[in-house]
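Just so you know, these numbers use all the heavy atoms, side chains as well, and skip hydrogens, waters and symmetry mates.
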Amino acid sequence: MLDRVTSMQIFVRIAAAGSFSAAARALGMSQTMATRHVDAIEERLGVRLLHRTTRRLTLTEAGRRYLEACERILGEIEEAEALTAAEHVEPRGTLRLNVPLSFGVREIAPVLPAFAAAHPRLTVDLGLADRVVDLLEEGWDMAVRIGRLAESSLVARRLAACRMVLCAAPAYLAERGTPQHTTDLARHNCLGYTLPGPASAGSWAFGTQGQHVVAVAGNLRANNGDALVAAAVAGQGLVYQPSFLVSDALRTGQLVPLALEQPTDERLAVHAVLPPGRRPPAKTRAMVEFLADRFKPPPWDRDLP
């Protein structure tokens with residue numbers, strides 16, 4: 001019986017090279033032996049892993065899933081051996097990272113080229129979604145979440161502060177006046193966020209711990225902060241959003257920060273969230289450390305008025 005770990009290693013190399021012959025040369029074995037290993041896997045599993053033609057090899061759906069599992073298992077084996085030998089593990093494989101849409105576009109995507117340059121053997125599968133994903137059910141290695149974390153078995157690490165900012169366009173303030181007190185918000189068009197948080201569509205939370213809740217109303221609600229910020233820049237109303245969303249508009253003067261008698265909610269933070277259980281693999285630790293370094297201090301708060 002052929003060694004399963006060796007077969008996995010050969011299969012991963014074949015998938016990367018797209019060729020039995022190229023993978024066999026890289027591994028220092030015959031093409032016949034490389035083919036035997038893949039044939040043995042397919043026979044054992046009862047599925048076809050590769051579509052084979054005279055021109056190219058492509059993964060089947062089963063092959064793609066098996067490849068992801070092989071990369072994870074081989075990475076864990078290598079890490080276990082390296083930990084025993086007190087050696088460094090080079091992150092490799094695929095890291096499935098889920099982040100909120102606006103934060104991902106603004107703050108995560110621009111730094112990924114630097115991460116890729118530092119970890120050339122690691123591929124990032126970036127998912128952008130404002131909903132709270134299930135890491136275990138949906139197969140994510142980690143997620144970035146903004147806000148207060150609910151009690152769970154997940155492992156969390158705080159990456160950066162994330163303060164709330166109340167602001168509006170100069171044209172809106174010139175027409176409607178500048179609020180000075182939280183009670184003044186009842187007379188203003190407050191653009192509401194429909195997902196849970198301190199700036200929901202019906203109430204905004206002020207005070208360092210969000211203890212001062214004010215009822216608000218407005219003629220626009222959205223499940224995406226960028227949409228609300230765009231409307232506020234156009235003069236539609238007040239917006240109460242995290243600083244990373246409004247920082248560009250504040251720097252250019254398109255929005256003006258407002259100070260009321262109550263401070264803004266300080267409970268929010270950016271967190272890395274990992275599945276529970278064993279020590280995270282090298283690829284996940286690498287991303288967490290990279291983001292923690294990049295976000296200290298928070299780049300979105302630099303040079304704000």
Side-chain angles (χ1 to χ4, degrees), residues 5 8-9 11-16 18 45 47 49-50 58-80 82-83 88-147 149-150 152-160 195 224 244 269-295:
V5 173
M8 286 182 177
Q9 292 171 330
F11 175 71
V12 169
R13 185 61 67 93
I14 290 169
L45 299 180
V47 297
L49 301 177
L50 296 165
T58 58
L59 291 169
T60 65
E61 180 62 24
R64 185 188 63 79
R65 292 195 300 269
Y66 186 68
L67 176 63
E68 291 176 356
C70 287
E71 289 176 335
R72 184 179 66 252
I73 291 168
L74 293 174
E76 291 173 355
I77 291 173
E78 181 175 338
E79 184 173 5
L83 285 173
H88 173 71
V89 178
E90 180 182 4
R92 64 176 63 193
T94 299
L95 173 70
R96 301 197 69 226
L97 169 64
N98 185 275
V99 301
L101 174 58
S102 295
F103 189 80
V105 171
R106 290 170 176 266
E107 306 296 339
I108 299 293
V111 302
L112 289 183
F115 182 79
H119 304 288
R121 303 186 70 181
L122 184 56
T123 298
V124 176
D125 182 352
L126 179 65
L128 301 170
D130 286 331
R131 69 182 179 87
V132 178
V133 300
D134 188 316
L135 298 185
L136 297 177
E137 286 291 329
E138 300 179 41
W140 297 102
D141 295 301
M142 64 175 285
V144 172
R145 292 183 180 166
I146 301 171
L149 297 181
S152 74
S153 61
L154 299 176
V155 177
R157 174 172 172 180
R158 190 177 188 272
L159 299 176
L195 297 178
N224 177 264
F244 75 84
V270 180
H271 296 91
V273 181
L274 316 178
R278 60 180 179 78
R279 187 170 186 254
K283 62 182 181 180
T284 306
R285 297 200 311 272
M287 178 60 79
V288 172
E289 294 301 327
F290 176 82
L291 294 179
D293 180 67
R294 286 288 175 139
F295 294 162

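In this structure, Asp134 has no side-chain hydrogen bond (donor to acceptor under 3.5 Å, both in side chains) partners at least two apart in sequence or on a different chain. Partners of Ala114 under the side chain to side chain contact (heavy atoms under 4.5 Å, CB included) rule, at least two apart in sequence or in another chain, are Phe290, Arg294. Partners of Thr60 by side chain to side chain contact (heavy atoms under 4.5 Å, CB included), not counting sequence neighbours, listed by chain and number: Arg48, His51, Ala62. With sequence neighbours excluded, the residues satisfying side chain to side chain contact (heavy atoms under 4.5 Å, CB included) with Leu128 are Val99, Leu101, Val105, Leu126. Not counting sequence neighbours, the partners of Arg64 by the side-chain hydrogen bond (donor to acceptor under 3.5 Å, both in side chains) test are Glu61, Glu68. Thr284 meets the side-chain hydrogen bond (donor to acceptor under 3.5 Å, both in side chains) test with no other residue; sequence neighbours excluded. For Arg13, the side-chain hydrogen bond (donor to acceptor under 3.5 Å, both in side chains) test picks out no residue, with sequence neighbours left out. His271 pairs by the ring-ring contact (aromatic ring centres under 6.0 Å, His included) definition with nothing, not counting sequence neighbours. Among residues two or more places apart in sequence or in another chain, the side chain to side chain contact (heavy atoms under 4.5 Å, CB included) test is passed with Arg92 by Glu78, Arg121. In terms of the salt bridge (Lys or Arg N to Asp or Glu O under 4.0 Å) criterion, residue partners of Asp141 (sequence neighbours excluded) are, by chain and number, Lys283.
Put simply, CG on Asp293 and CG on Leu159 are 11.0 Å apart, with the number rounded to the nearest 0.5 Å. The distance from atom CZ of Phe115 to atom CG of Leu122, rounded to the nearest 0.5 Å, is 5.0 Å. Atoms CD1 and CG, from Ile14 and Leu67 in turn, are 11.0 Å apart once rounded to the nearest 0.5 Å.
Between Val144 and Pro100, the closest heavy-atom pair is O-CD, 3.0 Å. In terms of heavy atoms, Trp140 sits closest to Pro275 at O-CG, 3.9 Å. Nearest heavy-atom pair across Ala15 and Leu59 is CB-CD2, 4.2 Å. The two residues Pro91 and Ala282 come nearest to each other via the heavy atoms CG-O, 3.9 Å. Scanning both residues, Leu135 and Ala143, for their nearest heavy atoms gives CD2-CB, 3.7 Å.
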- Message: What verdict does the side-chain contact (heavy atoms from CB on, under 4.5 Å) test give for Leu274 and Arg285, after you've listed the backbone C-alpha separation in whole Å, the side-chain angles of each residue and the deciding distance to 0.1 Å?
- Response: CA-CA 10 Å; Leu274 316 178; Arg285 297 200 311 272; over 6 Å; no
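Contacts classified as salt bridge (Lys or Arg N to Asp or Glu O under 4.0 Å) and involving residues 93-102 (residues at least two apart or in different chains) are given here: Arg96-Asp125. Applying the ring pair (Phe, Tyr, Trp, His ring centres under 6.0 Å) rule to pairs touching residues 93-113 yields Phe103-Phe244, Phe103-Phe295, Phe103-Trp300, sequence neighbours excluded.
Counting heavy atoms from C-beta outward, Thr123 and Glu71 have side chains that stay 4.5 Å or more apart. Side-chain contact between Leu291 and Val270: absent, with no pair of heavy atoms (C-beta onward) separated by less than 4.5 Å.
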